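Please read the structure below before turning to the comments.
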There are 2 protein chains.
Amino acid sequence: MTLAETRQLPARILNDFERSHPQPLVLVLNLLRVGSLLDKEITDYLSRYDLTGPQVGVLRILGHYYEHGRDGMPLSEIGECLAVTKANMTGMVDRLERDGLVVRESDPTDRRIKRVRLTPKAHELHGRIKPGLLQYLTELMAVLEASEKEQLLDSLGKLRRVLGDAAVSEPDGCDLGVVAQ
Amino acid sequence: MTLAETRQLPARILNDFERSHPQPLVLVLNLLRVGSLLDKEITDYLSRYDLTGPQVGVLRILGHYYEHGRDGMPLSEIGECLAVTKANMTGMVDRLERDGLVVRESDPTDRRIKRVRLTPKAHELHGRIKPGLLQYLTELMAVLEASEKEQLLDSLGKLRRVLGDAAVSEPDGCDLGVVAQ
DNA sequence: ACCTTTTAATAAACACGTTGACTATTAAGA
DNA sequence: TCTTAATAGTCAACGTGTTTATTAAAAGGT
(Lines give C-alpha, C1' and ligand atoms only; values in the text may rest on other atoms or scores of the structure.)
Protein backbone atom coordinates (compact mmCIF):
# COMPACT_ATOMS: atom_id res chain seq x y z
CA MET A 1 0.00 0.00 0.00
CA THR A 2 1.55 3.27 -1.01
CA LEU A 3 1.16 6.42 0.97
CA ALA A 4 -0.76 7.89 -1.95
CA GLU A 5 -3.23 5.02 -1.79
CA THR A 6 -3.86 5.54 1.89
CA ARG A 7 -5.23 8.92 0.92
CA GLN A 8 -8.23 7.19 -0.59
CA LEU A 9 -9.06 5.05 2.44
CA PRO A 10 -11.84 5.79 4.93
CA ALA A 11 -10.67 8.10 7.70
CA ARG A 12 -10.73 5.37 10.35
CA ILE A 13 -8.36 3.11 8.47
CA LEU A 14 -6.13 5.98 7.47
CA ASN A 15 -5.85 6.92 11.12
CA ASP A 16 -4.85 3.38 12.01
CA PHE A 17 -2.20 3.36 9.33
CA GLU A 18 -0.96 6.79 10.27
CA ARG A 19 -0.80 5.89 13.93
CA SER A 20 1.54 2.96 13.42
CA HIS A 21 3.42 4.36 10.41
CA PRO A 22 3.52 8.16 10.45
CA GLN A 23 4.73 9.57 7.15
CA PRO A 24 7.75 11.46 8.52
CA LEU A 25 9.01 8.28 10.19
CA VAL A 26 8.48 6.32 6.98
CA LEU A 27 10.34 9.01 5.07
CA VAL A 28 13.30 8.98 7.44
CA LEU A 29 13.51 5.19 7.51
CA ASN A 30 13.45 5.12 3.71
CA LEU A 31 16.19 7.74 3.48
CA LEU A 32 18.38 5.80 5.90
CA ARG A 33 17.67 2.53 4.12
CA VAL A 34 18.52 3.85 0.66
CA GLY A 35 21.71 5.35 2.06
CA SER A 36 22.84 2.07 3.55
CA LEU A 37 21.84 0.01 0.49
CA LEU A 38 23.67 2.39 -1.81
CA ASP A 39 26.70 2.20 0.44
CA LYS A 40 26.68 -1.61 0.33
CA GLU A 41 26.21 -1.57 -3.43
CA ILE A 42 29.20 0.71 -3.98
CA THR A 43 31.34 -1.19 -1.47
CA ASP A 44 30.50 -4.36 -3.36
CA TYR A 45 31.33 -2.86 -6.74
CA LEU A 46 34.66 -1.47 -5.52
CA SER A 47 35.76 -4.68 -3.81
CA ARG A 48 37.20 -5.87 -7.13
CA TYR A 49 39.77 -3.07 -6.82
CA ASP A 50 40.42 -3.76 -3.13
CA LEU A 51 39.03 -0.33 -2.34
CA THR A 52 36.16 0.91 -0.19
CA GLY A 53 33.69 3.71 -0.81
CA PRO A 54 35.27 6.15 1.66
CA GLN A 55 38.72 5.43 0.21
CA VAL A 56 37.52 6.30 -3.28
CA GLY A 57 35.97 9.42 -1.73
CA VAL A 58 39.43 10.51 -0.62
CA LEU A 59 40.92 9.72 -4.03
CA ARG A 60 38.10 11.68 -5.67
CA ILE A 61 38.68 14.76 -3.51
CA LEU A 62 42.45 14.71 -3.86
CA GLY A 63 42.18 14.00 -7.60
CA HIS A 64 39.79 16.88 -8.13
CA TYR A 65 42.01 19.32 -6.26
CA TYR A 66 45.08 18.04 -8.07
CA GLU A 67 43.38 18.82 -11.39
CA HIS A 68 42.84 22.33 -10.10
CA GLY A 69 46.51 22.82 -9.28
CA ARG A 70 46.32 22.10 -5.55
CA ASP A 71 48.57 19.17 -4.78
CA GLY A 72 48.59 18.08 -1.17
CA MET A 73 45.72 18.65 1.22
CA PRO A 74 45.61 18.79 5.03
CA LEU A 75 43.79 15.88 6.71
CA SER A 76 41.21 18.10 8.34
CA GLU A 77 40.30 19.71 5.05
CA ILE A 78 39.62 16.33 3.45
CA GLY A 79 37.51 15.48 6.46
CA GLU A 80 35.40 18.61 5.97
CA CYS A 81 34.73 17.63 2.36
CA LEU A 82 33.58 14.19 3.40
CA ALA A 83 31.67 15.43 6.47
CA VAL A 84 33.87 13.30 8.71
CA THR A 85 35.97 14.05 11.80
CA LYS A 86 39.71 14.59 11.61
CA ALA A 87 40.20 11.70 14.05
CA ASN A 88 38.60 9.46 11.47
CA MET A 89 40.85 10.85 8.75
CA THR A 90 43.92 9.71 10.66
CA GLY A 91 42.86 6.08 10.29
CA MET A 92 41.72 6.52 6.70
CA VAL A 93 45.04 8.05 5.66
CA ASP A 94 46.91 5.37 7.63
CA ARG A 95 45.27 2.64 5.56
CA LEU A 96 45.68 4.48 2.25
CA GLU A 97 49.34 5.10 3.07
CA ARG A 98 49.80 1.45 4.02
CA ASP A 99 48.43 0.53 0.58
CA GLY A 100 50.77 2.97 -1.16
CA LEU A 101 48.03 5.26 -2.44
CA VAL A 102 48.89 8.45 -0.54
CA VAL A 103 51.83 9.98 1.29
CA ARG A 104 51.92 12.38 4.22
CA GLU A 105 54.15 15.40 3.72
CA SER A 106 55.05 18.06 6.25
CA ASP A 107 53.99 21.62 5.48
CA PRO A 108 57.04 23.89 5.68
CA THR A 109 54.96 26.98 6.52
CA ASP A 110 52.90 25.40 9.31
CA ARG A 111 54.45 22.53 11.15
CA ARG A 112 51.12 21.38 12.57
CA ILE A 113 49.88 20.43 9.12
CA LYS A 114 50.45 17.15 7.28
CA ARG A 115 49.60 17.41 3.58
CA VAL A 116 48.19 14.27 1.98
CA ARG A 117 49.21 13.68 -1.63
CA LEU A 118 48.22 11.01 -4.15
CA THR A 119 50.96 8.67 -5.35
CA PRO A 120 51.34 7.86 -9.07
CA LYS A 121 49.81 4.48 -8.28
CA ALA A 122 46.71 6.22 -6.92
CA HIS A 123 46.41 8.56 -9.90
CA GLU A 124 46.57 5.56 -12.22
CA LEU A 125 44.10 3.55 -10.16
CA HIS A 126 41.59 6.36 -9.80
CA GLY A 127 41.72 7.08 -13.53
CA ARG A 128 41.08 3.42 -14.22
CA ILE A 129 38.14 3.15 -11.77
CA LYS A 130 36.30 6.39 -12.51
CA PRO A 131 34.59 5.67 -15.85
CA GLY A 132 33.26 2.26 -14.87
CA LEU A 133 31.98 3.43 -11.51
CA LEU A 134 30.23 6.39 -13.11
CA GLN A 135 28.68 4.11 -15.70
CA TYR A 136 27.51 1.80 -12.92
CA LEU A 137 25.94 4.58 -10.88
CA THR A 138 24.31 6.00 -14.00
CA GLU A 139 22.64 2.65 -14.64
CA LEU A 140 21.39 2.50 -11.06
CA MET A 141 19.92 5.99 -11.23
CA ALA A 142 18.29 5.20 -14.56
CA VAL A 143 15.23 3.85 -12.72
CA LEU A 144 14.31 7.48 -12.14
CA GLU A 145 12.90 9.78 -14.82
CA ALA A 146 14.84 12.93 -15.62
CA SER A 147 12.27 15.13 -13.90
CA GLU A 148 12.27 12.78 -10.93
CA LYS A 149 16.03 13.10 -10.57
CA GLU A 150 15.76 16.89 -10.64
CA GLN A 151 13.09 16.83 -7.97
CA LEU A 152 15.02 14.34 -5.84
CA LEU A 153 18.15 16.46 -6.02
CA ASP A 154 16.13 19.47 -4.98
CA SER A 155 14.58 17.70 -1.99
CA LEU A 156 17.92 16.28 -0.89
CA GLY A 157 19.38 19.78 -1.05
CA LYS A 158 16.69 21.06 1.29
CA LEU A 159 17.37 18.19 3.69
CA ARG A 160 21.11 18.84 3.62
CA ARG A 161 20.48 22.42 4.53
CA VAL A 162 18.13 21.64 7.42
CA LEU A 163 20.60 19.00 8.61
CA GLY A 164 23.31 21.63 8.72
CA ASP A 165 25.64 20.30 6.03
CA ALA A 166 28.56 22.71 6.09
CA ALA A 167 29.46 21.82 2.48
CA VAL A 168 26.12 23.03 1.11
CA SER A 169 26.25 26.19 -1.01
CA GLU A 170 30.01 26.46 -1.20
CA PRO A 171 30.44 27.77 -4.77
CA ASP A 172 33.54 25.85 -5.85
CA GLY A 173 34.53 24.47 -2.49
CA CYS A 174 35.26 20.92 -1.46
CA ASP A 175 31.79 19.75 -2.28
CA LEU A 176 32.63 18.88 -5.87
CA GLY A 177 29.30 19.85 -7.29
CA VAL A 178 27.33 17.84 -4.79
CA VAL A 179 25.45 20.96 -3.80
CA ALA A 180 21.83 20.88 -4.86
CA GLN A 181 20.47 24.11 -3.52
CA MET B 1 24.34 26.60 -9.21
CA THR B 2 21.49 24.14 -9.26
CA LEU B 3 21.23 21.36 -11.79
CA ALA B 4 18.12 23.05 -13.17
CA GLU B 5 20.04 26.24 -13.75
CA THR B 6 22.74 24.47 -15.73
CA ARG B 7 20.00 23.63 -18.22
CA GLN B 8 19.96 27.25 -19.25
CA LEU B 9 23.68 27.60 -19.83
CA PRO B 10 25.43 27.56 -23.22
CA ALA B 11 26.28 24.04 -24.34
CA ARG B 12 30.02 24.49 -23.86
CA ILE B 13 29.71 25.44 -20.21
CA LEU B 14 27.13 22.78 -19.56
CA ASN B 15 29.53 20.22 -20.96
CA ASP B 16 32.27 21.42 -18.64
CA PHE B 17 29.98 21.16 -15.66
CA GLU B 18 28.67 17.78 -16.69
CA ARG B 19 32.17 16.46 -17.26
CA SER B 20 33.35 17.16 -13.73
CA HIS B 21 30.00 16.65 -11.96
CA PRO B 22 27.80 14.15 -13.81
CA GLN B 23 24.25 14.20 -12.49
CA PRO B 24 24.08 10.53 -11.45
CA LEU B 25 27.23 10.94 -9.37
CA VAL B 26 25.86 14.09 -7.79
CA LEU B 27 22.63 12.27 -7.04
CA VAL B 28 24.39 9.33 -5.39
CA LEU B 29 26.68 11.56 -3.34
CA ASN B 30 23.67 13.55 -2.14
CA LEU B 31 21.80 10.40 -1.17
CA LEU B 32 24.78 9.11 0.78
CA ARG B 33 25.33 12.46 2.44
CA VAL B 34 21.72 12.87 3.54
CA GLY B 35 21.79 9.32 4.91
CA SER B 36 24.87 9.97 7.00
CA LEU B 37 23.70 13.40 8.20
CA LEU B 38 20.37 11.97 9.21
CA ASP B 39 22.11 9.16 11.03
CA LYS B 40 24.29 11.63 12.96
CA GLU B 41 21.26 13.78 13.75
CA ILE B 42 19.33 10.85 15.19
CA THR B 43 22.36 9.53 17.06
CA ASP B 44 22.76 12.97 18.58
CA TYR B 45 19.11 13.22 19.58
CA LEU B 46 19.10 9.77 21.17
CA SER B 47 22.32 10.28 23.10
CA ARG B 48 20.28 11.83 25.93
CA TYR B 49 18.73 8.40 26.49
CA ASP B 50 22.08 6.60 26.19
CA LEU B 51 20.77 4.85 23.11
CA THR B 52 21.90 4.68 19.48
CA GLY B 53 19.85 4.71 16.30
CA PRO B 54 20.28 1.01 15.55
CA GLN B 55 19.39 0.14 19.14
CA VAL B 56 16.14 2.06 18.87
CA GLY B 57 15.61 0.23 15.58
CA VAL B 58 15.69 -3.06 17.44
CA LEU B 59 13.34 -1.73 20.12
CA ARG B 60 11.00 -0.47 17.39
CA ILE B 61 10.89 -3.83 15.62
CA LEU B 62 10.43 -5.87 18.79
CA GLY B 63 7.87 -3.39 20.10
CA HIS B 64 5.86 -3.54 16.90
CA TYR B 65 5.80 -7.32 16.89
CA TYR B 66 4.95 -7.40 20.57
CA GLU B 67 1.90 -5.23 19.87
CA HIS B 68 0.88 -7.79 17.27
CA GLY B 69 1.09 -10.66 19.72
CA ARG B 70 4.49 -11.96 18.72
CA ASP B 71 6.73 -11.83 21.76
CA GLY B 72 10.29 -12.97 21.17
CA MET B 73 12.02 -12.84 17.82
CA PRO B 74 15.03 -14.78 16.47
CA LEU B 75 18.18 -12.70 15.95
CA SER B 76 18.30 -13.41 12.21
CA GLU B 77 14.75 -12.21 11.72
CA ILE B 78 15.52 -8.88 13.38
CA GLY B 79 18.54 -8.62 11.13
CA GLU B 80 16.40 -9.09 8.03
CA CYS B 81 14.12 -6.25 9.13
CA LEU B 82 17.05 -3.93 9.60
CA ALA B 83 18.87 -5.14 6.47
CA VAL B 84 21.82 -6.20 8.60
CA THR B 85 23.74 -9.48 8.93
CA LYS B 86 23.05 -11.90 11.75
CA ALA B 87 26.69 -11.63 12.77
CA ASN B 88 26.05 -7.98 13.46
CA MET B 89 22.92 -8.83 15.42
CA THR B 90 24.94 -10.88 17.87
CA GLY B 91 26.87 -7.81 18.97
CA MET B 92 23.81 -5.59 18.96
CA VAL B 93 21.88 -7.98 21.19
CA ASP B 94 24.95 -8.41 23.41
CA ARG B 95 25.00 -4.69 24.17
CA LEU B 96 21.23 -4.42 24.59
CA GLU B 97 21.32 -7.39 26.95
CA ARG B 98 24.23 -5.85 28.86
CA ASP B 99 22.09 -2.71 29.32
CA GLY B 100 19.13 -4.75 30.53
CA LEU B 101 16.88 -3.93 27.57
CA VAL B 102 16.47 -7.40 26.07
CA VAL B 103 16.87 -11.02 27.09
CA ARG B 104 17.82 -14.05 25.02
CA GLU B 105 15.53 -17.04 25.45
CA SER B 106 15.95 -20.52 24.05
CA ASP B 107 13.30 -21.74 21.64
CA PRO B 108 11.92 -25.07 22.88
CA THR B 109 10.88 -26.22 19.39
CA ASP B 110 14.16 -25.38 17.63
CA ARG B 111 17.26 -25.45 19.77
CA ARG B 112 19.29 -23.45 17.23
CA ILE B 113 17.15 -20.38 17.80
CA LYS B 114 17.55 -17.73 20.48
CA ARG B 115 14.47 -15.53 20.82
CA VAL B 116 15.09 -11.92 21.78
CA ARG B 117 12.50 -10.35 24.03
CA LEU B 118 12.09 -6.81 25.39
CA THR B 119 12.37 -6.35 29.15
CA PRO B 120 9.83 -4.20 31.03
CA LYS B 121 12.54 -1.53 31.24
CA ALA B 122 12.79 -1.51 27.44
CA HIS B 123 9.01 -1.30 26.99
CA GLU B 124 8.91 1.65 29.36
CA LEU B 125 11.90 3.36 27.73
CA HIS B 126 10.63 2.88 24.20
CA GLY B 127 7.21 4.23 25.10
CA ARG B 128 8.88 7.26 26.64
CA ILE B 129 11.15 7.93 23.65
CA LYS B 130 8.73 7.36 20.77
CA PRO B 131 6.57 10.51 20.85
CA GLY B 132 9.44 12.96 21.16
CA LEU B 133 11.50 11.28 18.48
CA LEU B 134 8.56 11.26 16.09
CA GLN B 135 7.92 14.92 16.82
CA TYR B 136 11.57 15.66 16.15
CA LEU B 137 11.64 13.82 12.83
CA THR B 138 8.38 15.47 11.80
CA GLU B 139 9.93 18.88 12.34
CA LEU B 140 12.96 17.90 10.28
CA MET B 141 10.82 16.68 7.39
CA ALA B 142 8.71 19.81 7.56
CA VAL B 143 11.14 21.55 5.20
CA LEU B 144 9.51 19.51 2.43
CA GLU B 145 6.08 20.27 1.01
CA ALA B 146 3.45 17.54 1.21
CA SER B 147 3.67 16.82 -2.51
CA GLU B 148 7.46 16.81 -2.26
CA LYS B 149 7.34 14.20 0.49
CA GLU B 150 5.05 12.01 -1.61
CA GLN B 151 7.39 12.29 -4.58
CA LEU B 152 10.47 11.63 -2.45
CA LEU B 153 8.88 8.53 -0.95
CA ASP B 154 8.05 7.31 -4.42
CA SER B 155 11.59 7.84 -5.73
CA LEU B 156 13.14 6.20 -2.68
CA GLY B 157 10.87 3.21 -3.22
CA LYS B 158 12.13 2.83 -6.78
CA LEU B 159 15.71 3.03 -5.55
CA ARG B 160 15.08 0.45 -2.85
CA ARG B 161 13.72 -1.89 -5.46
CA VAL B 162 16.62 -1.46 -7.86
CA LEU B 163 19.02 -1.87 -4.94
CA GLY B 164 17.41 -5.20 -4.10
CA ASP B 165 15.93 -4.39 -0.70
CA ALA B 166 14.41 -7.66 0.44
CA ALA B 167 12.00 -5.84 2.74
CA VAL B 168 10.33 -3.95 -0.12
CA SER B 169 6.76 -4.97 -0.90
CA GLU B 170 6.31 -7.30 2.02
CA PRO B 171 2.63 -6.66 2.83
CA ASP B 172 2.73 -6.77 6.63
CA GLY B 173 6.26 -8.01 6.99
CA CYS B 174 9.10 -6.72 9.08
CA ASP B 175 9.31 -3.50 7.16
CA LEU B 176 6.87 -1.70 9.44
CA GLY B 177 5.29 0.37 6.74
CA VAL B 178 8.56 1.59 5.36
CA VAL B 179 7.55 0.27 1.98
CA ALA B 180 6.95 3.01 -0.52
CA GLN B 181 6.24 1.15 -3.71
C1' DA C 1 19.24 -45.15 9.39
C1' DC C 2 23.00 -42.41 7.32
C1' DC C 3 24.96 -38.70 4.99
C1' DT C 4 24.64 -34.15 3.09
C1' DT C 5 22.96 -29.68 3.02
C1' DT C 6 20.92 -25.85 5.12
C1' DT C 7 20.13 -22.82 8.99
C1' DA C 8 20.95 -20.13 13.69
C1' DA C 9 24.08 -18.16 16.37
C1' DT C 10 28.72 -16.93 17.52
C1' DA C 11 33.59 -15.34 17.03
C1' DA C 12 37.63 -13.16 14.86
C1' DA C 13 39.48 -9.70 11.94
C1' DC C 14 38.79 -5.70 9.63
C1' DA C 15 36.84 -0.79 7.96
C1' DC C 16 34.64 3.27 9.36
C1' DG C 17 32.39 6.48 12.26
C1' DT C 18 31.99 8.92 16.80
C1' DT C 19 33.72 11.48 21.33
C1' DG C 20 37.16 12.96 24.46
C1' DA C 21 41.82 13.63 25.84
C1' DC C 22 46.40 14.81 24.57
C1' DT C 23 50.59 17.09 22.21
C1' DA C 24 52.55 20.37 19.33
C1' DT C 25 52.22 24.48 17.04
C1' DT C 26 50.34 28.85 15.70
C1' DA C 27 47.63 33.06 16.47
C1' DA C 28 45.81 36.69 19.30
C1' DG C 29 45.48 39.98 23.07
C1' DA C 30 46.62 42.35 27.46
C1' DT D 1 56.50 39.72 25.41
C1' DC D 2 53.97 36.58 27.74
C1' DT D 3 49.87 34.34 28.56
C1' DT D 4 45.90 32.43 26.50
C1' DA D 5 43.09 30.60 23.00
C1' DA D 6 42.51 28.18 18.77
C1' DT D 7 44.04 24.67 15.40
C1' DA D 8 46.21 20.14 13.32
C1' DG D 9 46.95 15.72 14.13
C1' DT D 10 47.02 11.46 16.95
C1' DC D 11 45.31 7.96 20.20
C1' DA D 12 42.05 5.20 23.03
C1' DA D 13 37.59 3.45 23.71
C1' DC D 14 33.42 2.45 21.80
C1' DG D 15 29.34 1.22 18.39
C1' DT D 16 28.10 -0.50 13.98
C1' DG D 17 28.79 -2.74 9.80
C1' DT D 18 31.17 -6.36 6.80
C1' DT D 19 33.23 -11.21 5.52
C1' DT D 20 34.86 -15.68 6.75
C1' DA D 21 34.94 -19.71 9.66
C1' DT D 22 33.04 -22.68 13.31
C1' DT D 23 29.62 -25.14 16.05
C1' DA D 24 25.20 -27.04 16.83
C1' DA D 25 20.88 -28.37 15.29
C1' DA D 26 17.38 -29.34 11.85
C1' DA D 27 15.90 -31.08 7.30
C1' DG D 28 16.18 -33.87 3.22
C1' DG D 29 17.54 -37.65 0.03
C1' DT D 30 19.03 -42.28 -0.91
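Everything numeric here is computed off the predicted structure, so don't read it as measured data. Residue numbers begin at 1 in each chain, while the letters A, B, ... track the order of the sequences.
When the C1' atom of D/dT16 is taken as reference, atom CZ of B/Arg98 falls 13 Å away, rounded to whole Å. Rounding to whole angstrom units, CG of residue B/Asp107 and P of C/dA9 are separated by 9 Å. Here the C1' atom of nucleotide C/dC16 and the CG atom of A/Asp39 are 10 Å apart, to the nearest Å. Regarding B/Asp110, its CG atom lies at a distance of 20 Å from the P atom of D/dT23, rounded to whole Å. Atom C1' of nucleotide D/dG15 and atom CG of B/Leu51 are separated by 13 Å, given to the nearest angstrom. We find that CG of B/Leu46 is positioned 17 Å from P of C/dT18, with the value rounded to whole Å. For the pair A/Asp50 CG and C/dA15 P, the computed distance is 11 Å after rounding to whole Å. Atom NZ of B/Lys114 is separated from atom P of D/dA24 by 13 Å (rounded to the nearest Å).
Residue contacts shown for A/Arg115 are absent, as no nucleic acid heavy atom lies under 4.0 Å away. The residue A/Met89 sits apart from the nucleic acid: no heavy atom pair falls under 4.0 Å. If you check every strand for non-hydrogen atoms under 4.0 Å, A/Asn88 touches a base. Looking at heavy-atom distances under 4.0 Å, B/Thr90 makes contact with a base. Contact annotation for B/Lys86: base contact, defined as any heavy-atom pair under 4.0 Å involving a base atom. Counting any heavy atom pair closer than 4.0 Å across all strands shown, B/Thr85 reaches a base atom.
Positionally, the nearest nucleotide of DNA chain D for A/Pro74 lies more toward the 5' end than for the other of A/Asp44 and A/Pro74. When each of B/Asp94 and A/Ala83 is assigned the nucleotide of DNA chain C bearing its nearest heavy atom, the one mapping closer to the 5' terminus is B/Asp94. For the pair A/Thr109 and B/Ala87, both in contact range of DNA chain C, the more 5′-proximal nearest nucleotide belongs to B/Ala87.
Side-chain proximity of A/Arg111 to C/dA15, C/dT26, D/dG17: nearest is C/dT26. When the nucleotides D/dG9, C/dT18, D/dG15 are ranked by their closest atom to the side chain of B/Thr52, D/dG15 comes out on top. Distances were taken from every side-chain heavy atom of A/Lys40 (C-beta onward) to each of D/dG9, D/dG17, D/dT16; the shortest belongs to D/dG17. Residue A/Ser76 has its side chain nearest to D/dG9 when only C/dA8, D/dG9, C/dT10 are considered.
For the atom pair A/Leu133 CG and A/Arg60 CZ, the distance stands at 9.5 Å (nearest 0.5 Å). Note that CG of B/Leu152 is 8.5 Å distant from CD of A/Gln151, once rounded to the nearest 0.5 Å.
The shortest distance between side-chain heavy atoms of A/Leu140 and B/Leu159 does not fall below 4.5 Å.
Using a 30° and 60° split on the angle between ring planes, A/Tyr136 and A/Tyr45 fall in the parallel class, below 30°.
Residues B/Glu145 and B/Lys149 are not paired through a salt bridge, judged by the lack of any N-O separation under 4.0 Å between the basic side chain and the carboxylate. Between A/Lys114 and A/Glu105 there is no salt bridge, since none of the side-chain N atoms of the basic residue sits less than 4.0 Å from a carboxylate O of the acidic one.
Applying the 3.5 Å distance criterion, the base of D/dT7 shares a donor-acceptor pair with the side chain of A/Arg112.
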